[in-house]
Amino acid sequence: MARITTDLHLKLSESAVSNLQSKKIYTVFDLMSEDSEKLMQYSGLSYQDILDLKNTVTKLYTGKIHKGPDLLKASCNGVTKTGIQSLDYLLRGGLYAGQIHEVCGVSSSGKSQLCHTVAVNVAQNSDGIVHYIDTNADFSATRAQIILENKGCSEEMQVLVLERISVTRVKTIQEVLSLLHSFQWTNTKLVIIDSLPALFFSFDPDLHRFTYTYSLNIFSNLIRWVAGEFNIPIITTNSVTYWQNYAEPDSSPLKRLSSVKPTLGTYWHSVPNSRLLLENTKSEGRKITVWKSSHLPSGSTCYIRITNAGVV
Amino acid sequence: MDWKKIYSLMVQGQTRYKGIELNGREAGVVLVNTDHHFHIPTLVDLMACFIRNNNDARKLGTTDVFDDKGIKSIIEDSLRYFTVINCYESSQFFLSLQSLQGILSNDDKIAMIAIDSISSYYWQDRKHGECWSMDGYVKSCLNIMQKHTFGHKIILLYTRPSDVKSKSKEAVVRTSLLNEEKIHYKIQLHKQHDVNQFSAVVESVSDNKNLSYIVSNNGIEWRTCYSKR
């Protein structure tokens, strides 16, 4: 918590600050908790100066205040198309800025293939950067190039698109936290974190339950900040566990969803804004089901295929 | 928390448009956004539904006044009553609660302050501060919120996940009076796993009500309600 300094107000002198400290008012939190009239007595400032001081603290340290019409204006250009037609239709246009989208599925269900394709499509269709945070060393530049070749892109275009995909390999949650803090997010069109469970494998949830949930809490707050303050859509990937009352992939979507669970535990369940379940179907294709979402109907589905030109 | 439930409370902004009663409240809403599940396009869609389904306009046979331009104008006007405070860490959240007094003093239209959710920074605060129980933590946040909104005639609404509970007796209790660290209503929401059906148990000092509802594109559609003591 920030400490009270003379920078906060022109009339707040060193002696006034030490007077406040003698009354155990050290931080801006202590200042805002204290009654204005008492602050007048302790600091020697006028009532108006105390109100100005509190207003300055509000502007500098509280959450950012947005009015409804400004939010509406900001949301108007806030949809990034994945470039996969059926998925964009399912998502009502594409990936919404400021939202965390989680793709869940078992191993080999196509999560990384989907991430590769979306990264290539977004990099191709915009002039911004796609940040690909790779925790399993799964990102393959060759695969991205093959997707572009099969889409009929020229060599020049392939280089241009690949230059727009910034891949960072990380191994621990600490590395991710430090990256999220230090990245320059301007001109970023999309952030992909593939995949999350690898970051938390080192925690034994039974032994380190508190540290585990604390790390998830810090991570959640940080990606919400990146998404919200820089208006960037985020994709994360996660695994799933199946329960004994396993429902076949072809059973009703809502019944099916109640028989699987995303990994990472209860705390993480509610963090992503939308969660999608990616599954193999009996034919060669994949089925994507909306698992939970603040704006999409749960249980709605679409079908995709993995081809040489990526996911279509 | 499904935000459509709270959106339904928020959508009633403007009161009249071209002489037609919209049943709006002209009431301001402040959302302290900590879980970041709020999605403004969904709020706008619900407001459009609310306007299109306006009964008074239907009775008058004047639904045509609500063309896309008219609806857009009503929504833009109504959104002036809506403020979001985006918080990303604990100190921002607590300072935002402390600044509510100033925000309320500058805008007498504000009738509701909603926090989604009050326990977002519980684990962060537990690491750096005391070994709070979840209930004790919520109680202390409630205390700060009530202290900094005292004297203003507003509705305070907060959400918290029901899967993290304290093992001891519930600390935040119901009251019928104005009491710090106490609440008037507790609304427990449940979702049935494999169907689109929900239920709400509304508990107050004097009464318990069970309600069932579904969530559709029109927001909440209430189905049944019965009381039990």
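Just so it is clear: chains get the letters A, B, ... in the order the sequence lines come, proteins before strands, and each one is counted from 1.
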Measure distances from [X] to the heavy atoms of chain B and classify the residue's part below 4.5 Å as side chain, backbone, both or neither.
| X | result |
| --- | --- |
| A/V271 | backbone |
| A/I65 | both |
| A/S215 | neither |

| message | B/L95 and side chain to side chain contact (heavy atoms under 4.5 Å, CB included): which single residue from A/V28, A/T27, A/L60, A/L31 fits? | response |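 Exactly one candidate clears the test, A/V28.
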Identify the two heavy atoms, one from [X] and one from [Y], that lie closest to each other, and give their separation to 0.1 Å.
| X | Y | value |
| --- | --- | --- |
| B/P41 | A/Y96 | CG-CE2, 4.0 Å |
| B/S120 | A/N217 | O-ND2, 3.0 Å |
| B/K147 | A/S33 | NZ-O, 3.6 Å |
| A/G68 | B/I40 | O-CD1, 3.9 Å |
| A/N221 | B/Y88 | CB-O, 3.3 Å |

Chain A heavy atoms under 4.5 Å from [X]: which part of the residue, side chain, backbone, both or neither?
| X | result |
| --- | --- |
| B/I103 | side chain |
| B/F93 | neither |
| B/V44 | side chain |
| B/S117 | neither |

| request: May I ask you to decide if A/S270's main-chain N or O and B/H37's side chain share a donor-acceptor pair within less than 3.5 Å? | output: yes
First locate atom [atom1] of [X], then atom [atom2] of [Y], and finally report the distance between them rounded to the nearest 0.5 Å.
| X | Y | atom1 | atom2 | value |
| --- | --- | --- | --- | --- |
| B/S96 | A/M32 | OG | CE | 9.0 Å |
| B/I85 | A/T58 | CD1 | OG1 | 9.5 Å |
| B/T42 | A/N273 | OG1 | CG | 10.0 Å |
| A/S294 | B/D35 | OG | CG | 11.0 Å |
| A/S36 | B/Q101 | OG | CD | 8.5 Å |
| A/H66 | B/L31 | NE2 | CG | 11.0 Å |

| request: Mind ranking A/K67, A/Q99, A/R224 by heavy-atom pairs under 4.5 Å with chain B and telling me who comes out on top? | output: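 Heavy-atom pair counts peak at A/R224.
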| request: Would you mind reporting whether A/F29 and B/I144 have side-chain heavy atoms less than 4.5 Å apart? | output: yes
| said: Within the supplied structure, the quantity of interest is the number of heavy atoms (other residues, nucleotides, ligands) at a distance under 6.0 Å from A/K38 NZ; does it exceed 12? | reply: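 No, not enclosed.
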| What option among B/Q92, B/H148, B/E89, B/H36 has the most heavy-atom pairs under 4.5 Å with chain A? |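 Sorted descending by pairs with chain A, the first entry is B/Q92.
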